[in-house]
Amino acid sequence: MSEPILTLKGIRYSYHSLTGEIPALKDISFQVKNGEFLALVGPSGCGKSTLLNIIAQLMEPEGGTISFQNPDGSIHYPRIGYMLQHDHLFEWRSIYQNVTLGLEIQKKLTPEQKERVNRLLQDYGLYSFRHKRPSELSGGMRQRAALIRTLALDPEILLLDEPFSALDYQTRLTVSADICRIIRKSGKTAILITHDLSEAVSIADRILVLSARPATIKAEIPIHLTLADDSLLAARKAPEFGSYFNQLWEELADEKAAL
Ligand code: ADP
Ligand code: MG
């Protein structure tokens, strides 16, 4: 993990409505390295989802530039996978048909790709559920299916917008551990929005704290935990965990006070 894969410079964005202008992002600049796991935290409504939509190029920034680099420094547009709070699995398709939907739409459902998807389903414990409908699966399994659907398209960058927040706390702990293990193993670059500070500290290599709207980068916190093993539970037990958590808490408390 060394070269940057993504560079944002001076990103600015405002929403325009009949009642006026709502500035959402103001002068956002940062880089993400290849293979890095970056977390974004910030007060509710500060502009986090807007920023992710701009990175996904679903929205055009009003100012600033966004560029994606190859390892050799050349510019390209990478394959981007997007995972949201709701899994958006289609009930009228089986789990297998759901996870292969993107490949089917892109006319890439070749025997090799089917083999790859089956391997992902096996690796992540969903193979025996592949003929089931989404409603027959638990919330955690559904979220895993949504991740496999995203990974099936072999994205280079994964964008995760509060993907665990619809799950109850217990499920959330296991599912976030599961999903992070899968993403780490795949070596993909990931950007995770979360409002759960413990989740951010235990998962991320680095955390960006955004200010209240219009969002700017208020703090950048690289995370280095002394780990007994690579589980998220070990991360939560690391000696440094508490001080990172407190630092984040204080950064955000300032922002909430400013609202
Ligand atoms: P976050 O994801 O951090 O909660 P968002 O990026 O969704 O925040 O939104 C940032 C701000 O922009 C919010 O305060 C919201 O009121 C405003 N906003 C979001 N979407 C729209 C829209 N389509 N039209 C007008 N304002 C919007
Ligand atoms: Mg949001």
Side-chain angles (χ1 to χ4, degrees), residues 6-32 37-66 80-89 139 142-143 146-147 150 155 157-169 171-172 175-176 179-180 183 189-204 206-221 245 247-259:
L6 164 64
T7 304
L8 281 80
K9 278 190 193 145
I11 296 290
R12 210 158 30 81
Y13 190 86
S14 301
Y15 289 99
H16 298 272
S17 72
L18 289 176
T19 48
E21 193 184 35
I22 304 166
L25 304 174
K26 188 178 102 184
D27 195 21
I28 302 266
S29 302
F30 64 90
Q31 285 196 316
V32 185
F37 208 124
L38 182 76
L40 296 177
V41 302
S44 174
C46 77
K48 302 180 293 296
S49 299
T50 306
L51 182 58
L52 228 55
N53 282 332
I54 286 176
I55 295 173
Q57 307 211 328
L58 297 171
M59 286 161 59
E60 280 261 331
E62 249 173 12
T65 58
I66 169 162
I80 288 187
Y82 214 150
M83 214 174 136
L84 303 162
Q85 183 175 348
H86 297 287
D87 53 52
H88 298 289
L89 295 173
R142 293 175 61 120
Q143 217 40 338
L147 179 67
T150 310
I157 302 183
L158 274 167
L159 305 178
L160 306 146
D161 194 346
E162 308 209 24
F164 314 124
S165 51
L167 304 171
D168 64 76
Y169 187 68
T171 313
R172 184 182 175 116
V175 174
S176 58
I179 295 226
C180 291
I183 295 173
T189 308
I191 305 178
L192 168 77
I193 294 179
T194 179
H195 59 253
D196 183 331
L197 303 185
S198 307
E199 190 171 281
V201 175
S202 55
I203 291 174
R206 185 164 55 112
I207 302 176
L208 297 181
V209 181
L210 300 180
S211 69
R213 194 176 62 73
T216 53
I217 294 177
K218 182 161 190 276
E220 180 194 351
I221 308 175
F245 184 94
Q247 189 183 351
L248 277 174
W249 181 268
E250 279 163 24
E251 296 282 2
L252 284 168
D254 287 351
E255 288 313 303
K256 286 186 180 135
L259 281 178

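Being a predicted model, the structure only gives us computed values, none of them experimental. Just so you know, ligand 1 is whichever comes first in the structure, and atom 1 is the first atom listed for that ligand.
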Test item: Met83 and Ile179 side chains (from C-beta on) under 4.5 Å apart, heavy atoms
yes
Between Ile54 and Ile28, is there a side-chain heavy-atom distance shorter than 4.5 Å?
no
Checking Thr7 side chain against Gln31 main chain: does a donor-acceptor pair fall under 3.5 Å?
no
Is a donor on one side and an acceptor on the other found under 3.5 Å between the side chain of Gln143 and the backbone of Pro163?
yes
Any side-chain heavy atom of Val209 within less than 4.5 Å of one from Glu255?
no
Sequence neighbours excluded, the answer for side chain to side chain donor-acceptor pair (under 3.5 Å) partners of Thr150 is none
Everything protein-side that's N, O or S and under 2.8 Å from the Mg ion (ligand 2): list it, residue and atom.
Ser49 OG
Would you say that Asp161 contacts Asn53 through its side chain, given a criterion of any heavy-atom pair below 4.5 Å between the two side chains?
no
Any residue meeting side chain to side chain donor-acceptor pair (under 3.5 Å) with Glu250, in chain and number order, not counting sequence neighbours
none
Give every pair formed by an N or O atom of ligand 1 and a protein N or O atom closer than 3.5 Å, one pair per line with both atom names and the distance to 0.1 Å, or write none.
| unit_1 | atom_1 | unit_2 | atom_2 | d |
| --- | --- | --- | --- | --- |
| ligand 1 | 2 (O) | Ser49 | N | 2.9 |
| ligand 1 | 2 (O) | Ser49 | OG | 2.8 |
| ligand 1 | 3 (O) | Cys46 | N | 3.2 |
| ligand 1 | 3 (O) | Gly47 | N | 3.0 |
| ligand 1 | 3 (O) | Lys48 | N | 2.8 |
| ligand 1 | 3 (O) | Lys48 | NZ | 2.9 |
| ligand 1 | 4 (O) | Gly45 | N | 2.8 |
| ligand 1 | 6 (O) | Ser49 | N | 3.4 |
| ligand 1 | 6 (O) | Thr50 | N | 2.9 |
| ligand 1 | 6 (O) | Thr50 | OG1 | 2.5 |
| ligand 1 | 8 (O) | Gly47 | N | 3.3 |
| ligand 1 | 14 (O) | Gly45 | O | 2.9 |
| ligand 1 | 14 (O) | Arg213 | NE | 3.3 |

Got Ile203 and Thr194 here, is their nearest side-chain heavy-atom distance under 4.5 Å?
no
